Amino acid sequence: MIDIRCQLYLIYAYRKVNRAMSADVVTRFAPSPTGYLHIGGARTALFNWLYARGRGGKFLLRIEDTDRARSTPEDTAAILQGMEWLGLDHDGEVISQFDRADRHAEVANEMLAAGKAFKCFATQDKIEAFREAARAEGKSTLYRSPWRDADASTHPDLPFVIRVRAPEGGVMVIKDEVQGDVKIGHDQLDDMILLRSDGTPVYMLAVVVDDHDMGVTHIIRGDDHLSNAARQMMVYEAMGWDVPVLAHIPLIHGPDGKKLSKRHGALGAQEYQLMGYPAAGMRNYLARLGWSHGDDEFFSDAQAKEWFDLTGIGKSPARFDTKKLEHLCGQHIASSKNAALQQELLDFLAAKGSDAMSKDRIALLSSGLDCLKERAKTFHELIEKAEFILSDRPIQPDEKALKSLDSVSRGILNALTPHLQNVSWTRGALEAVTAEFAEANGTKFSKMAGPLRAALAGRSATPSVFDMLLVLGREESLGRITDAASENG
RNA sequence: GGCCCGUUCGUCUAUCGGUUAGGACGCCAGGUUUUCAACCUGGAAAGACGAGUUCGAUUCUCGUACGGGCUGCCA
């Protein structure tokens, strides 16, 4: 007897603990496939991902494709690709909202049967005329259908939509973790359409049904949905469903403070990838945009997951700042492990459509990473600075480099060559032999650095001369120096 | 038009009634240096405006201005 009681209690306690650990947090990202994954959407996805991942919960992905005219498979693919690049992995299958149309209709009909919704036979022309008139008079354009209380016996045999019966009197309170309690009068709510005249569901119904069916516990989305939340609340109330925790986050604005739009340039996640920003830097920057954890600026994914919370989200819109993004990206590149960095670099090159590199070249690049990664803010810059590794002999010097290869300099390079032939190829030895050579020839290393840079890289701005010598090795280095020294200027 | 939300250095933000209003990016000056970066030190730089509450407001309330969102058989 006691045993059974104990067991029951243990089960009870276990469930309680489980709940306390919020093991059942479920968030979702629900973009509509009517364009690429823009930066605002990416941040919304990131917030949901961080919240779930930081709590051992689930992060779901749903494509809101109920608008057949505007939804395209290409856009869905672009969104998926963007998420993949950003490393925002979701749990379970990608859910298509369109595929669930029957279930949405089922709910609408349930509401109809319960008297929470009604059939409306008003034509679109009539409604438009009503709105036109209301606008002209400066009155509210909210539509309350004359059919909301009509008896079924008076229903004509005509096409109809199903509308929700908006409540009268009183106020709707949206409890929002970011915005606080937002009160909206019931008189601000219209008899919104649930099912179109062709029987297809409308977004406002579909989100609520899907979020409920998917067990979503926390809705984190753009605050452009804040007003919509009040309307969606009508469905929750009609169905007697629990309302998830709501968090409406401010939108991201462009550098000019205006709403982010195509005017502001490349905005798809893909574009940022192509510009060479590492995904980790992007995540860090985006997380920090509109959310803060004290003075922490540069942090890892693990820290972000641990720290991220709804209470740290600000209420005002943030502007996108490329400079700070770059700074953070530079930090992430510099602190990357070489192996991971190399892979990301190759992925970047592949995304750009560059030709695949040979194994030897990749190995060379990999050995150059230590001296390269601390000087690049983007992969683009890193590749740029790695040019000395990626070029083949004979090196074509650019204009500036050519200037440091005058006859005097070529003479110096010529004279230096034998000294490099037998020296042991280590930084210490190389530094010593060049210093000796400089002194013996009455010059300074700083005078020799330019010509050496030009010979080794064909450029005037490069990594350290010694770094390049070490990465390239004796044979290649001497080859390049000989090339440059013997060239006819 | 109606309803809702927002407003701290140029930008992202800290502050949860009492601070010389802190940090970061960027900018400027200096340092280091083998070029470019990186790095180090220092500096300039903010509470939209107006009332009210209070012994005391960046912080609470109201108004104004400005910005944003919603107001679709779009999502």
Side-chain angles (χ1 to χ4, degrees), chain A residues 30-34 64-67 69-71 97 120 123-124 127-128 131 134-143 159 161-163 174 176 178-180 182-185 187-190 192-198 200-204 206-207 222-231 248 250-251 253 255 257-259 285 288-298 312 314-328 330 334 372-377 381 384-385 400-401 404 434 444-450 452-454 457 459-466:
Chain A
S32 61
T34 54
E64 314 239 300
D65 50 0
T66 52
D67 183 348
R70 294 201 301 154
S71 300
Q97 188 158 65
C120 171
T123 64
Q124 292 190 55
I127 296 168
E128 193 38 52
R131 279 203 253 267
R135 243 190 300 271
E137 285 180 60
K139 285 193 199 158
S140 166
T141 55
L142 286 179
Y143 188 67
V161 297
I162 295 184
R163 311 184 89 108
I174 304 163
D176 193 283
V178 173
Q179 309 287 340
V182 178
K183 300 177 185 71
I184 292 175
D187 58 355
Q188 295 300 314
L189 271 17
D190 59 351
M192 75 172 180
I193 290 177
L194 265 17
L195 243 42
R196 301 185 182 101
S197 51
D198 64 0
T200 59
V202 125
Y203 161 79
M204 235 36 106
V207 240
D223 70 4
D224 49 335
H225 285 291
L226 184 57
S227 307
N228 291 335
R231 304 228 285 276
H248 287 93
L251 266 19
H253 287 182
K258 301 282 183 195
K259 195 182 156 190
Y285 176 70
R288 194 61 191 65
L289 204 56
W291 170 79
S292 62
H293 182 263
D295 283 340
D296 295 306
E297 300 282 352
F298 172 67
K315 288 189 179 69
S316 52
R319 300 185 195 195
F320 193 81
D321 179 16
T322 310
K323 282 286 204 296
K324 190 155 184 178
L325 202 215
E326 283 181 355
H327 178 260
L328 246 15
L372 290 168
K373 68 183 183 184
E374 289 190 355
R375 42 211 316 140
K377 292 193 178 84
E381 273 184 27
E384 173 78 15
K385 290 174 196 282
K400 275 189 181 171
S404 44
T434 47
K444 287 180 178 170
F445 177 71
S446 57
K447 301 275 185 200
M448 295 157 57
L452 276 168
R453 243 188 290 283
R459 312 202 165 195
S460 51
T462 72
S464 144
V465 167
F466 297 107

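For clarity, every value in this text was computed on a predicted model and none was experimentally measured. Here is the naming used below: chain letters follow the sequence lines, and residue numbers restart at 1 for every chain.
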Inset, instruction - Using the C1' atom on both, measure U15(B) against U8(B) and round to a whole Å. - result: 10 Å

What contact category does M448(A) fall into here, base, sugar-phosphate, or nothing, at under 4.0 angstrom with non-hydrogen atoms?
nothing

- Task: Indicate the ring-plane relationship of F320(A) and Y285(A), choosing parallel, tilted or perpendicular according to the 30° and 60° boundaries.
- Result: perpendicular

Assign each of F466(A) and L289(A) the nucleotide of RNA chain B bearing its closest heavy atom; nearer the 5' end lies the nucleotide of L289(A)

Classify T66(A) by what it touches in the nucleic acid, base, sugar-phosphate, or nothing, heavy-atom distance under 4.0 Å. sugar-phosphate

Q. How far, in whole Å, is U7(B) from A46(B) if one measures between their C1' atoms?
A. 12 Å

Exercise. Looking only at side-chain N and O atoms, does R319(A) come under 4.0 Å of OP1 or OP2 in G68(B)?
Worked result: no

Assert: residue with more 5' nearest nucleotide on RNA chain B, out of S292(A) and K377(A), is S292(A)

- Can you find a side chain N or O atom of R459(A) that sits less than 4.0 Å from OP1 or OP2 on U34(B)? no

- Message: In whole Å, measure the gap between the P atoms of G23(B) and G43(B) for me.
- Response: 10 Å

Between U19(B) and C36(B), how far is it from one P atom to the other, in whole Å? 46 Å

Using a 4.0 Å heavy-atom cut-off across all strands, classify P31(A) as base, sugar-phosphate, or nothing.
nothing

query: With distance as the sole criterion, do the side chain of K315(A) and the base of C5(B) form a donor-acceptor contact below 3.5 Å?
result: no

* Write down the distance separating the C1' atoms in C66(B) and U35(B), rounded off to the nearest Å. => 48 Å

Between R196(A) and G72(B), does any side-chain N or O lie under 4.0 Å from OP1 or OP2?
no

Using the C1' atom in both, what is the distance from G72(B) to C12(B), to the nearest Å?
36 Å

Worksheet item: How would you label the contact of V182(A) with the nucleic acid (heavy atoms, under 4.0 Å): base, sugar-phosphate, or nothing?
Response: sugar-phosphate

Is any side-chain N or O of S227(A) closer than 4.0 Å to OP1 or OP2 of U71(B)? no

_Between the base of G69(B) and the side chain of D223(A), is there a donor and acceptor pair under 3.5 angstrom?_
no

Across the strands shown, which category fits E297(A) at heavy-atom distances under 4.0 angstrom: base, sugar-phosphate, nothing? base

* Phosphate OP1/OP2 of A38(B): any K373(A) side-chain N/O under 4.0 Å -> no

**Message:** Considering every strand and a 4.0 Å limit on heavy-atom distances, what is the contact class for K183(A): base, sugar-phosphate, or nothing?
**Reply:** sugar-phosphate

Exercise for review: Mark yes or no for a side-chain to base donor-acceptor pair under 3.5 Å between S197(A) and C73(B), with no hydrogen or angle criteria applied.
Suggested key: yes

Check your understanding: If you look at every strand shown and take non-hydrogen atoms under 4.0 Å, does Q124(A) touch a base, only sugar-phosphate, or nothing?
Key -> base

